[in-house]
Amino acid sequence: MPTATLLHSRICQFLVHVFQQMIAAQDLDLVCMTGVAVRTDEDTVRIPDVLVYPRPLWLSIQDRP
């Protein structure tokens with residue numbers, strides 16, 4: 001895939017910022033970020049624009065290669 005445009009990257013950053021504010025305001029046990037690869041199959045990885053997932057899951061996988 002081609003590299004994301006600057007506008008696309010700024011929109012993703014804005015979404016992460018808004019989600020993080022909402023997560024903090026509602027004291028939700030979630031993590032939101034961008035730029036993290038997600039394994040979808042044994043030999044397949046995707047890099048979604050924005051990820052929102054439970055904090056316990058993030059803590060359990062953050063040290064994996």
Side-chain angles (χ1 to χ4, degrees):
M1 290 186 71
T3 304
T5 64
L6 180 58
L7 176 60
H8 183 94
S9 297
R10 292 185 68 198
I11 291 169
C12 293
Q13 289 174 339
F14 172 76
L15 289 172
V16 168
H17 176 73
V18 170
F19 286 144
Q20 287 176 335
Q21 285 184 322
M22 187 175 71
I23 289 167
Q26 296 184 22
D27 196 29
L28 301 173
D29 200 18
L30 299 172
V31 173
C32 180
M33 62 182 57
T34 187
V36 177
V38 176
R39 186 178 303 191
T40 56
D41 203 359
E42 184 149 337
D43 294 327
T44 307
V45 173
R46 300 281 186 248
I47 302 176
D49 292 332
V50 176
L51 287 172
V52 178
Y53 44 93
R55 183 176 304 280
L57 176 61
W58 170 245
L59 294 174
S60 72
I61 65 172
Q62 67 182 350
D63 292 329
R64 289 184 188 173

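Since this is a predicted model, take the numbers as computed values, not measurements.
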Handout entry: With E42 via side-chain contact (heavy atoms from CB on, under 4.5 Å) - residues at least two apart
Key = none
Fill in the blank from the handout: With sequence neighbours left out, the residues meeting salt bridge (Lys or Arg N to Asp or Glu O under 4.0 Å) with D41 are none
Completion exercise
Shortest non-hydrogen pair, H8 vs D49, comes out as NE2-OD1, 3.0 Å
Exercise for the section: Enter the distance from L30:CG to M22:CE here, rounded to the nearest 0.5 Å. Expected result: 8.0 Å
Handout entry: V31 vs V52 side-chain heavy atoms within contact, under 4.5 Å
Key = no
Exercise for the section: State, with a plain yes or no, whether a side-chain heavy atom of M33 is found less than 4.5 Å away from one of Y53. Expected result: yes
Exercise for the section: Would you kindly confirm whether F19 and I11 end up in one hydrophobic cluster when ILVMFWY residues are joined by side chain heavy atoms under 4.5 Å apart? Expected result: yes
Exercise for the section: Mind checking the CZ-OG1 spacing from R39 to T44? Nearest 0.5 Å is all I need. Expected result: 9.5 Å
Practice task
Please examine the side chains of C12 and L15, heavy atoms only from C-beta on, and report whether any two atoms are closer than 4.5 Å.
Solution key: no
Exercise for the section: Report yes or no: do V36 and V16 belong to one cluster of Ile/Leu/Val/Met/Phe/Trp/Tyr joined by side chain heavy-atom distances under 4.5 Å? Expected result: no
Practice task
Determine whether C32 and V50 make a side-chain contact, defined as any pair of heavy atoms from C-beta on separated by less than 4.5 Å.
Solution key: yes
Exercise for the section: Apply salt bridge (Lys or Arg N to Asp or Glu O under 4.0 Å) to R10 and list each qualifying residue two or more places apart in sequence or on a separate chain. Expected result: none
Fill in the blank from the handout: Across all chains, not counting sequence neighbours, the side chain to side chain donor-acceptor pair (under 3.5 Å) partners of Q62 are W58
Handout entry: Counterpart residues, side chain to side chain donor-acceptor pair (under 3.5 Å), relative to Q21 (two or more places apart)
Key = H17
Practice task
Please lay out, stage by stage, how L51 and V38 fare under the test side-chain contact (heavy atoms from CB on, under 4.5 Å).
Solution key: CA-CA 9 Å; L51 287 172; V38 176; 3.8 Å; yes
Exercise for the section: Only pairs at least two apart or in different chains count here, so list each salt bridge (charged side-chain N to carboxylate O under 4.0 Å, His left out) that has a residue in residues 19-29. Expected result: D29-R55
